[in-house]
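Nothing here was measured: the structure is a model prediction, and the numbers come from that model. Start at 1 and go down the list; that is how both ligands and their atoms are numbered.
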Amino acid sequence: MSTKMGRKINEGSSAEVFEWENDEKIIKLAKNKKRHQSMLTEYLNSQVAWDNGVSVPQPFGLVDVDGRPGIIFERIYGETLMERFVNQKGFNYEDVARITAKILSETHGKKIPNIRSQREAIIYSINGANYLTNSEKKLVVDILNNIPIKEQLCHGDPNLNNILIRDNKALLIDWRHASIGNPETDLAEYILMTRYAIVPMVRQAILPRHIPSEIEYYINSIKEEIIKVFIDEYTKLSDITSEDIDSWIIPMAARRLSVGIIPKSEKEQLVGEIRRRLKIYK
Ligand SMILES: Nc1ncnc2c1ncn2[C@@H]1O[C@H](COP(=O)(O)OP(=O)(O)O)[C@@H](O)[C@H]1O
Ligand SMILES: [Mg+2]
């Protein structure tokens with residue numbers, strides 16, 4: 001164990017976060033020792049985002065602690081948007097949706113090189129998932145290929161645990177899935193996450209406390225409203241329309257089918273949404 005490492009602050013699905021050296025830095029340490037490549041990618045993406053004025057914690061470097069790859073970042077004193085949402089029992093959902101729309105629209109305003117382009121990776125994921133038939137996959141890829149390519153900075157995983165709030169200003173963390181491409185990918189991802197994954201994410205956030213069923217019921221009842229506020233706010237801040245966003249729901253839902261940590265029950269719901277939407281194309 002490194003002497004520079006302090007108390008554990010938090011963790012996500014892929015990493016643990018500890019104090020580092022002093023009270024101004026943290027280390028994000030991969031849970032899996034084999035994650036050197038993805039930590040390097042995250043570090044380089046974060047550096048490019050920082051260099052281009054995106055609202056992110058400053059990255060300081062890559063290190064190795066007991067064989068685990070880690071990244072040193074500026075420590076952000078604040079809360080995640082998920083913590084804010086949970087602490088206020090979901091009652092500030094409009095605020096949460098607007099903050100997310102704003103930080104994403106600012107990020108998408110950047111056109112920067114040196115980050116991988118996204119289209120091929122999405123097609124690769126769609127073709128790699130098991131839940132759709134080959135002809136359905138082909139249809140989804142055709143739909144995707146009919147959408148003109150854009151070249152904007154996309155985050156790739158805009159969930160509420162990846163947005164930190166400090167002094168009412170949002171910062172985006174966790175840049176491992178960043179790419180250059182169509183910003184609607186982030187928007188569709190946020191919409192699908194809200195529609196199908198928000199309750200399990202809230203449950204995870206308040207562990208080991210038990211999520212009361214009335215809160216679960218309440219969150220389910222406001223999900224579509226969160227999505228509506230998010231789309232309204234984002235379309236106000238950009239020249240993207242709600243139809244532009246909607247055309248990305250099929251491909252991004254199909255892409256989510258290849259994500260390992262998404263449970264089978266959610267994937268079945270995603271397949272349901274894809275098939276309902278594909279009907280008009282057949
Ligand atoms: N720079 C930072 N300052 C303070 N807390 C952070 C910082 N980076 C991450 N965290 C905390 O650690 C959690 C997990 O970090 P994240 O980078 O999202 O890891 P994962 O890749 O596992 O999702 C975040 O939700 C946040 O609470
Ligand atoms: Mg994360």
Practice task
Quick one: sort the Phe91 and Tyr218 rings into parallel, tilted or perpendicular, breaks at 30° and 60°.
Solution key: tilted
Practice task
Assert yes or no for the condition that the ring centre distance of Tyr190 to Phe230 is strictly below 6.0 Å.
Solution key: yes
Fill in the blank from the handout: For Arg75, the atoms of ligand 1 under 4.0 Å from one of its heavy atoms are 3 (N)
Practice task
Decide whether an N or O pair under 3.5 Å exists between Glu42 and ligand 1.
Solution key: no
Practice task
Assess Ser14: does it contribute an N, O or S atom lying under 2.8 Å from the Mg ion (ligand 2)?
Solution key: no
Handout entry: Residues Glu16, Arg68: salt bridge by 4.0 Å N-O rule
Key = yes
Problem - Heavy-atom side-chain proximity of Ile180 to Gln118 below 4.5 angstrom - result: no
Handout entry: Option whose closest heavy atom lies nearest to atom 24 (C) of ligand 1, chosen from Ile173, Leu81, Val17
Key = Ile173
Handout entry: Protein heavy atom at shortest distance from atom 11 (C) of ligand 1
Key = Asn10 CB, 3.8 Å
Practice task
Identify the two heavy atoms, one from Asp157 and one from Asn162, that lie closest to each other, and give their separation to 0.1 Å.
Solution key: O-ND2, 2.9 Å
Practice task
Would you please determine whether Asn161 falls within less than 4.0 Å of ligand 1 on a heavy-atom basis?
Solution key: yes
Problem - Closest protein heavy atom (residue, atom, distance) for atom 1 (N) of ligand 1 - result: Glu74 O, 2.9 Å
Practice task
Only heavy atoms count here, so choose which of Leu164, Asp174, Thr80 is nearest to atom 6 (C) of ligand 1.
Solution key: Leu164
Exercise for the section: With heavy atoms under 4.0 Å as the rule, classify the contact between Ile76 and ligand 1 as side chain, backbone, both or neither. Expected result: both
Exercise for the section: Have a look at ligand 1 and work out which part of Asn162, if any, has a heavy atom under 4.0 Å from it: side chain, backbone, both or neither. Expected result: side chain
Problem - Residue Lys223 excluded, over 12 heavy atoms near NZ under 6.0 Å - result: yes
Handout entry: Ring-face cation of Lys25 near Phe60 (centre distance under 6.0 Å, axis angle within 45°)
Key = yes
Problem - ligand 1 N/O within reach of Ala15 N/O, cut-off under 3.5 Å - result: yes
Practice task
Starting from atom 19 (O) of ligand 1, find the nearest protein heavy-atom neighbour and note its residue, name and distance.
Solution key: Lys28 NZ, 3.4 Å
Exercise for the section: Before accepting this row, confirm whether a basic side-chain N of the pair Asp232/Lys236 lies closer than 4.0 Å to the acidic partner's carboxylate O. Expected result: no
Practice task
Answer with yes or no whether Arg176 contacts ligand 1, where contact means a heavy atom under 4.0 Å from a ligand atom.
Solution key: yes
Handout entry: Residue Lys111 excluded, over 12 heavy atoms near NZ under 6.0 Å
Key = no
Completion exercise
Closest to the Mg ion (ligand 2), among the N/O/S atoms of Asp174, is atom OD2
